[in-house]
Each structure stands twice: as C-alpha cells, then as structure tokens.
Asks: 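Handing you a structure now.
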Amino acid sequence: MNFNEKLKTLRARHKITQEELSQALGISRQAVARWESAQAFPDIQNLCELSRIFSVSLDYLVKNGECEKKLVHAKTSEMRELALFRMKAAKNTYAAAAGQCESSRPQSHDFRFEENGWLYIDTYLGGEKFSGEEAVWKNGSPFWAMNYSGRVLNENFSGDFLKSALRNCTEQFPRGPRHFSAGEFLYKTEIQGEMEWFQGFEEIFFHDEKCYECHYHGGVVK
C-alpha cells in the first residue's frame, strides 16, 4: 500500500475529514487532497504530525520504495534550504552590523532576518565574554538552533575581523569558513557533524598568538 492509500485509510478509520485534518496540520485542504491523489508528498514536519495524529510510526507511513525516496529527497531539500537561508541571514545581521532589533532580554543584543516563511533570530549576552543563540523558525515553528559561548583573550582581538570571517560562512560551516585570513589575522574553525547535528570550535590568531575563542553546537529541533 502506498502512502496516499494509507493516508485515506487512516483518515477513514479515524473518521476525520480532509478539512479537519488540514486544520490540525495548519495547511490547506487542497494540500491533503494532493497527498491522497499522489500528486504531492508531505514534508518531514507534516509526516511527524500525521504519525502523532493517527498513532502510527513514520516507518509505517513511508514503508515502500517510492515513499522512502521522496522522504529522503524532501529531507535533503529542506536541509539545503535551511543552510542557504541561515547563511544569508548570518551575512545580513551581526556580521554586517545590520538587522538589530529590540532586546528580548535585559541587556541582550538581538538581530532578526526574515524571508519566504523563514525567520532567523540571533541573541547574545555580554561582550568580551559572551554567550548566545541563533535560532531559525520555518512557517512559525522552531526548526534549528545553535548555541555559542566565547571570549576575547587579549587586546589584539579585532571585532571587525571576526565579522569579516563570519560573513564568509558557507553551507557546510554554520559559523565561519574553515580558514580565513586578512592582514595579520587568521580565523579557523573545526566542526564535527552537519547542520542537522554538529559541534565546533573557532579561534582567531594575531600573528601566532590566539586572541579569541568560541565553542558552538546545535542542530534541528522538534
């Protein structure tokens, strides 16, 4: 039985109309109709909600070759969309001295960026010793977050250089690039994992002396 057939069977068994199911998921009735006619396939978030509503496993919902392929494709596409949005947001907020918004907590520094249903907020406390979080929402639901904590080690540190390094972040590196240099400064980071679940450490050197360090970790939230 394919996914669309399973969905129709589950909906009938639970006596839930397409309209009722769409309201529970926060989507249009037409979207549910497209799933049931095999014209479209739900994303990971909606699959998780269907699993909860009908009390069945994700494995049951997608257990056939075509569904599994579509799920993998949807997940890969969604993670790439996240990585691209987060990269754009990072380059247009703190790192660009832009996007600052009202403090969410006493004496916090907050930055905000929105585009096409995605929302990014970066908030941190402190200065020479700091701690903060970047978070991303998709269509109003929390989707991804990264916590970070760091410190300036001596007077050779340059905030402008750090911002330059962070503006050169890539899809694979959620802070800065693996290596970045300008003049007498060198930035480097080491990371384990991928956007879905990762941890890392970044440093800045002035000549050969370390003047800054920061630990970070994060991933997808549900």
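Computed from a predicted model, the values in this text were never measured in an experiment.
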Asks: Please round to the nearest 0.5 Å and tell me the distance separating atom CD of Glu213 and atom OG of Ser149.
Replies: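 Spacing of CD (Glu213) from OG (Ser149) equals 9.5 Å.
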Asks: Would Asp43 and Lys138 satisfy side chain to side chain contact (heavy atoms under 4.5 Å, CB included), going step by step from the backbone distance to the final call?
Replies: CA-CA 12 Å; Asp43 61 18; Lys138 182 180 182 182; 4.2 Å; yes
Asks: Got a second to check how far Arg34's CZ is from Gln39's CD, nearest 0.5 Å?
Replies: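 With rounding to 0.5 Å, CZ (Arg34) is 7.5 Å from CD (Gln39).
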Asks: Taking atom CD as the centre, does Gln30 end up with more than 12 heavy-atom neighbours from other residues, nucleotides or ligands that are less than 6.0 angstrom away?
Replies: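 Counting other residues, nucleotides and ligands, CD of Gln30 exceeds 12 neighbours.
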Asks: With a 4.5 Å limit on heavy-atom distance, are the side chains of Thr93 and Arg112 in contact?
Replies: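 In short, these two side chains do not touch, never coming nearer than 4.5 Å.
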Asks: Ring pair (Phe, Tyr, Trp, His ring centres under 6.0 Å) with Tyr212: which residues, sequence neighbours excluded?
Replies: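 Once residues adjacent in sequence are excluded, the partners of Tyr212 under the ring pair (Phe, Tyr, Trp, His ring centres under 6.0 Å) criterion are Phe157.
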Asks: Before accepting this row, confirm whether a basic side-chain N of the pair Arg52/Glu49 lies closer than 4.0 Å to the acidic partner's carboxylate O.
Replies: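 Judged by the 4.0 Å cut-off on N to carboxylate O distance, Arg52 and Glu49 do form a salt bridge.
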Asks: One pair to check against side chain to side chain contact (heavy atoms under 4.5 Å, CB included): Leu125 and Gln107. What are the steps and the verdict?
Replies: CA-CA 7 Å; Leu125 302 172; Gln107 298 185 49; 5.6 Å; no
Asks: If every non-hydrogen atom of Pro42 is compared with every non-hydrogen atom of Asn46, which pair is closest and at what distance?
Replies: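 Taking every non-hydrogen atom into account, CB-CB, 3.9 Å.
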Asks: Between Asn156 and Lys210 (side chain of the first, backbone of the second, donor and acceptor by atom type, cut-off under 3.5 Å), is there such a pair?
Replies: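 No: the side chain of Asn156 does not pair with the backbone of Lys210.
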Asks: What are the two closest non-hydrogen atoms of Lys222 and Cys48, and how far apart are they?
Replies: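 Scanning both residues completely, I find the closest heavy atoms to be NZ-SG, 4.3 Å.
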Asks: Measure the CZ-CE distance between Arg80 and Met195 for me, rounded to the nearest 0.5 Å.
Replies: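 Reported value, rounded in 0.5 Å steps: 12.0 Å.
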Asks: Taking everything shown except Lys88 itself, do over 12 heavy atoms lie less than 6.0 Å from its NZ?
Replies: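 12 or below, so no.
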Asks: For the residue pair Glu19 / Thr17, report whether a side-chain donor-acceptor contact shorter than 3.5 Å exists.
Replies: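 Note: Thr17 and Glu19 side chains miss the donor-acceptor criterion.
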Asks: Kindly assign one of parallel, tilted or perpendicular to the pair His215 and Phe201, based on the angle between their ring planes and the thresholds 30° and 60°.
Replies: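 Rings of His215 and Phe201: tilted, 30 to 60°.
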Asks: Answer yes if Leu21 and Tyr60 sit in the same cluster of Ile, Leu, Val, Met, Phe, Trp and Tyr residues linked by side chain heavy atoms under 4.5 Å apart, and no otherwise.
Replies: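 Yes.
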Asks: Are a donor atom and an acceptor atom from the side chains of Ser108 and Asp110 found within less than 3.5 Å of each other?
Replies: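 Asp110 and Ser108 do have a side-chain donor-acceptor pair below 3.5 Å.
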Asks: Indicate the ring-plane relationship of Tyr94 and Tyr124, choosing parallel, tilted or perpendicular according to the 30° and 60° boundaries.
Replies: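 Perpendicular: the ring planes of Tyr94 and Tyr124 meet at over 60°.
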Asks: For the CD atom of Glu155 and the CD atom of Glu128, what is their distance to the nearest 0.5 Å?
Replies: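 Reported value, rounded in 0.5 Å steps: 10.5 Å.
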Asks: Do Arg175 and Tyr148 have side chains that approach each other closer than 4.5 Å (heavy atoms only, starting at C-beta)?
Replies: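 Answer yes - side chains close enough.
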Asks: Check whether Ile27 and Leu61 end up in the same hydrophobic cluster, where Ile, Leu, Val, Met, Phe, Trp and Tyr are linked by side-chain heavy atoms less than 4.5 Å apart.
Replies: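 The answer is yes; both residues are in one hydrophobic cluster.
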Asks: Measure across Leu186 and Ser181 and return the closest heavy-atom pair with its distance rounded to 0.1 Å.
Replies: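 Here Leu186 and Ser181 meet closest at CD1-CB, 4.2 Å.
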Asks: Would Ile53 end up clustered with Phe41 when hydrophobic side chains under 4.5 Å apart are linked, directly or stepwise?
Replies: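 Linked, Ile53 and Phe41 end up in one cluster.
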Asks: Hey, what do you get for CD (Glu36) to OG1 (Thr9), rounding to the nearest 0.5 Å?
Replies: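 The distance works out to 9.0 Å.
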Asks: Would you sort out whether Leu166 and Glu202 count as a side chain to side chain contact (heavy atoms under 4.5 Å, CB included), showing the intermediate values?
Replies: CA-CA 11 Å; Leu166 297 180; Glu202 66 183 11; 4.2 Å; yes
Asks: Under the criterion ring pair (Phe, Tyr, Trp, His ring centres under 6.0 Å), which of Phe205, Phe206, Phe180 is the partner of Phe161?
Replies: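 Among Phe205, Phe206, Phe180, the one that satisfies the ring pair (Phe, Tyr, Trp, His ring centres under 6.0 Å) with Phe161 is Phe180.
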Asks: List the steps, then state whether side chain to side chain contact (heavy atoms under 4.5 Å, CB included) holds for Asp122 with Phe113.
Replies: CA-CA 9 Å; Asp122 177 18; Phe113 183 83; over 6 Å; no
Asks: Applying a strict under-4.5 Å side-chain criterion to I, L, V, M, F, W and Y, I'd like to know whether Ile16 and Leu50 cluster together.
Replies: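 Result: yes, single cluster for both.
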Asks: What I'd like to find out is whether the side chain of Glu194 reaches to under 4.5 Å of the side chain of Met79, using heavy atoms alone.
Replies: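 Not touching, per the 4.5 Å side-chain cut-off.
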Asks: Do Ile191 and Trp144 sit in one hydrophobic cluster, given that two such residues count as connected whenever their side-chain heavy atoms are within less than 4.5 Å of each other, even indirectly?
Replies: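 Yes, because Ile191 and Trp144 connect within a single hydrophobic cluster, where side-chain heavy atoms sit under 4.5 Å apart.
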Asks: With a 4.5 Å limit on heavy-atom distance, are the side chains of Arg86 and Cys169 in contact?
Replies: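 The answer is yes; the side chains approach within 4.5 Å.
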Asks: For Phe143, which of Trp118, Tyr120, Phe85 qualifies under ring pair (Phe, Tyr, Trp, His ring centres under 6.0 Å)?
Replies: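 Filter result, single survivor: Trp118.
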Asks: Without swapping roles, check the side chain of Arg167 against the backbone of Lys91 for a donor-acceptor pair under 3.5 Å.
Replies: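 Absent.
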Asks: Side chain of Ser51, backbone of Val56: donor and acceptor closer than 3.5 Å?
Replies: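 Yes, Ser51 side chain to Val56 backbone: donor-acceptor pair under 3.5 Å.
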Asks: Is the backbone of Leu7 close enough, under 3.5 Å, to the side chain of Trp35 for a donor and an acceptor to pair up by distance?
Replies: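 Between the backbone of Leu7 and the side chain of Trp35 there is no qualifying donor-acceptor contact (under 3.5 Å).
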Asks: Between Tyr187 and Ser164, is any pair of side-chain heavy atoms under 4.5 Å apart?
Replies: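 Sidechains of Ser164 and Tyr187: no contact.
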Asks: Can you name the side-chain hydrogen bond (donor to acceptor under 3.5 Å, both in side chains) partners of Arg13, sequence neighbours left out?
Replies: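 Arg13: no side-chain hydrogen bond (donor to acceptor under 3.5 Å, both in side chains) contacts found.
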Asks: Roughly how far, to the nearest 0.5 Å, is CD of Gln18 from CZ of Arg11?
Replies: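 Spacing of CZ (Arg11) from CD (Gln18) equals 4.5 Å.
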Asks: Do you know which two heavy atoms are closest between Ser158 and Phe185, and how far apart they sit?
Replies: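 Smallest interatomic distance, heavy atoms only, reads CB-CZ, 3.6 Å.
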Asks: Answer yes or no: is there a side-chain heavy-atom contact under 4.5 Å between Leu153 and Arg151?
Replies: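 A side-chain contact exists here, since the closest heavy-atom pair is under 4.5 Å.
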Asks: If every non-hydrogen atom of Ala90 is compared with every non-hydrogen atom of Ala95, which pair is closest and at what distance?
Replies: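 Reported closest heavy-atom pair: O-CB, 3.4 Å.
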